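Here the structure comes first, spelled out in structure tokens, and everything after it is commentary.
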Amino acid sequence: MTKHVFVTGGVASSLGKGLTASALGRLLKSRGLRVTMQKLDPYLNVDPGTMNPFEHGEVFITDDGGETDLDLGHYERFIDENLTRRSNATTGSIYSSVIAAERRGDYLGRTVQVIPHITDEIKNRIRALADDDTDVVITEVGGTVGDIEILPFLEAIRQFRLDVGPENVFYLHVTLVPFIGPSGEQKTKPTQHSVTELRSRGIQPDGIVCRSDEAISDELKRKISRLCDVPFEGVINAADADSLYEIPLVVHDEGLDSFICKHFRLDDVPEADLEDWRALVDKVFAAEQTVRVGIIGKYVSLIDAYLSVVEALNHSGIYSSVKVEIDWIQAEEVEGLLTERLRNLDGIVIPGGFGERGVEGKIAAAGYAREHGIPCLGLCLGLQVMTIEYARNQLGLAGANSLEFDPQTKHPVVNLMDDQRDVTEKGGTMRLGAYVAQLEPGSKVAEAYGEVTVSERHRHRYEFNSKYRSAFDDGDFWASGESPDGRLVEFVELRSHPFWVATQAHPELKSRPNRPAPLFRSFIEAVVERQNGRNPQLLTLDEDSSVSSSS
């Protein structure tokens, strides 16, 4: 029977429940178990798709088009499995399902209540992942114990143990052991109070992961064990690590995976094979060369808004044995202000986003990279602004723009797909999930992927306007990838530039620490080559020269 691990958190938010769950998934998979993961989010939004990035961070897209919590990105990167929209359930989606069922008459006129109807729907979402091909389902409950909005989730997972048997359920609670400076001590009281709150909801944790700045002593572990009624070997310390990819090794050395396997009576499961993972971590810290990459973004004050982009850059840095240092550059401040800052970059990434704010700055950065031979990678909106920049400054299409930003532009080089022009509801024009593209042989993108048929995930509603394809055919600009039917441009690049490449997709979403996304890998390789002097700048400009973003 499928085993279930439920990960809850207490004391404070942002303790790393998602990373703890992901690390555990990596460890169990390294023991030969088939693992999948799930996030239960307590907010009332049906999904994070309409949420401001400042509110929630990035929206992680699955192959089947699910707009999900960013923790699913951690899950996929650690367990190296493609998840689906079923791996994220919110209070909003659960209530929507229950209310829809009530409207259909599924409850035969009975009073619909939180218990049993909402809790039953939560349990249905959990059971949906427990198929014959899965040995362990790890379910993270968002929020913090004590929050009123997570009470139905706690009640559901409490009931779940009765439904499937205690030998098939493990409750793992993540808490904080803070260091109090004036007293010079690490304090266990927050953990005690958090476990007391969890117990008040009918859940006795089987294991506790104690987050701390520094390692905690065995004496403190025994105290937590005694006062929280958890075996000593079930008190796991996860002190701060220098790299998030160290976390599986940290909790493995603490015995977390062995303790859970013992609880589940998985006596025939082999020891964790972490040789490749340890080699990966060793490579993280072995890099001596540093490259500086600027991310030109609209949401740079919240790094989580570009979490997968950052990790894809880190993965590529690991592959190329370099440390990637990121310079966060606010797109609104780029235009005419930061040419000196851009000049000191080894590479530029222009990530996705929605709305007009900061677009002119992104266009300016794309032009600066093009004129100075700086490797530049455009993602989703990045492709669109790079297209606009080239149209304005190389093709002479004055005022070229996207219909998203200027509905009156004379040259809408970016627009909605023709068959979506009449769709008034914005959600109707979104292209979500994995789409296949055909790459042009001999192109930089085909060389990066090593094949000409690829699949990447999308999240956008505007596209390169194919009516302008002939205008862009100047011998340098190349639509180097398109949809199988030839209607949609998926990749563009410049033949003469070391690396000025963009995609309408989000390849960062499929990047793995031991298998970086091909475009990111090639981008970092170009960055390293430029820094090492093997790719000279295309143009020699005066010191005071600056890029023009004029229309």
Side-chain angles (χ1 to χ4, degrees), residues 52-54 56-61 70 73 77 244 290-320 322-335 337-355 357-370 372-386 388-389 459-460 498-511 516-517 519-528 530-531 547 549:
N52 190 311
F54 289 121
H56 190 264
E58 78 171 3
V59 176
F60 189 84
I61 306 301
L70 60 81
R77 287 186 283 271
L244 59 88
T290 298
V291 295
R292 189 174 179 83
V293 174
I295 293 181
I296 317 296
K298 299 167 59 174
Y299 318 111
V300 295
S301 59
L302 181 66
I303 295 175
D304 277 356
Y306 302 108
L307 182 59
S308 290
V309 173
V310 172
E311 290 310 308
L313 289 170
N314 288 334
H315 302 162
S316 301
I318 295 171
Y319 180 88
S320 293
V322 297
K323 178 181 178 182
V324 179
E325 180 181 302
I326 293 175
D327 189 359
W328 294 98
I329 299 176
Q330 175 56 251
E332 291 173 286
E333 300 173 358
V334 169
E335 188 181 7
L337 296 178
L338 294 176
T339 52
E340 184 62 40
R341 194 169 172 187
L342 296 178
R343 183 180 291 119
N344 293 327
L345 297 175
D346 298 309
I348 291 174
V349 174
I350 305 176
F354 293 89
R357 183 175 62 83
V359 165
E360 290 300 325
K362 288 174 178 273
I363 293 171
Y368 190 90
R370 178 179 58 78
H372 287 73
I374 300 174
C376 183
L377 175 60
L379 308 169
C380 195
L381 177 61
L383 177 142
Q384 297 169 19
V385 301
M386 290 165 74
I388 293 167
E389 190 281 325
R459 182 179 183 247
H460 58 93
F499 194 96
W500 200 82
V501 176
T503 174
Q504 189 61 76
H506 288 276
E508 68 272 18
L509 299 176
K510 293 173 67 173
S511 188
L519 277 193
F520 279 83
R521 185 194 65 233
S522 293
F523 167 70
I524 290 297
E525 288 173 345
V527 166
V528 173
R530 181 177 188 275
Q531 190 187 75
V547 64
S549 63

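None of the values given here were measured: they were computed from a predicted structure. The residues of the chain are indexed from 1 along the displayed sequence.
- To the nearest 0.5 Å, atoms NE2 (His315) and OG (Ser308) are separated by 8.5 Å.
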CA sep, side-chain torsions, deciding dist, call: Leu377, Phe520, side-chain contact (heavy atoms from CB on, under 4.5 Å)
CA-CA 8 Å; Leu377 175 60; Phe520 279 83; 4.0 Å; yes
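- The list of side chain to side chain donor-acceptor pair (under 3.5 Å) pairs with a residue in residues 296-307, not counting sequence neighbours, is empty.
- Distance CZ/Phe354 to CG/Asn52: 12.0 Å, rounded to 0.5 Å.
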Report the C-alpha separation of Glu389 and Arg370 in whole Å, then their side-chain angles, then the decisive distance to 0.1 Å, and conclude whether the salt bridge (Lys or Arg N to Asp or Glu O under 4.0 Å) test is met.
CA-CA 9 Å; Glu389 190 281 325; Arg370 178 179 58 78; 2.7 Å; yes
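- Ile374 has its side chain within reach of Tyr368: a pair of non-hydrogen atoms, C-beta onward, lies under 4.5 Å apart.
- Residues Val300 and Trp328 approach most closely at CG1-CE3, 3.7 Å, considering heavy atoms.
- At least one side-chain heavy atom of Leu313 sits less than 4.5 Å from a side-chain heavy atom of Ile295.
- For Thr503 (side chain) and Ala505 (main-chain N/O), a donor-acceptor pair under 3.5 Å exists by modelled atom type.
- Counting heavy atoms from C-beta on, the side chains of Gln384 and Leu381 come closer than 4.5 Å.
- Counting heavy atoms from C-beta outward, Pro375 and Gln531 have side chains that stay 4.5 Å or more apart.
- Inter-residue side-chain proximity for Leu302 and Pro53 is flagged as unmet; no heavy-atom pair is nearer than 4.5 Å.
- Within a 6.0 Å sphere centred on OH of Tyr319, other residues, nucleotides and ligands contribute 12 heavy atoms or fewer.
- Rounding to the nearest 0.5 Å places CG of Leu244 at 8.0 Å from CZ of Arg77.
- Leu345 contributes atom CG, which lies 5.0 Å from atom CD1 of Ile329 (distance to the nearest 0.5 angstrom).
- Atoms CD1 and CE, on Ile363 and Met386 in that order, are 12.0 Å from each other to the nearest 0.5 Å.
- When atom types are taken as modelled, the side chain of Asp346 and the backbone of Val293 share no donor-acceptor pair closer than 3.5 angstrom.
- Contact check for Glu508 versus Glu311: no side-chain heavy atoms found under the 4.5 Å cut-off.
- Nearest heavy atom pair, residue Gly373 against residue Pro498, reads O-CG, 4.1 Å.
- Of all heavy-atom pairs between Pro351 and Gly297, the closest is CG-CA, 4.4 Å.
- Nearest approach of Ile296 to Lys362, heavy atoms of both residues: O-NZ, 3.0 Å.
- Between atom NE2 of residue His506 and atom CD1 of residue Ile61 there is a gap of 7.0 Å, rounded to the nearest 0.5 Å.
- A pairwise comparison of heavy atoms in Pro516 and Ser316 identifies CB-OG, 3.6 Å as the closest pair.
- Closest of all the heavy-atom pairs between Phe60 and Gly73 is CE1-CA, 3.4 Å.
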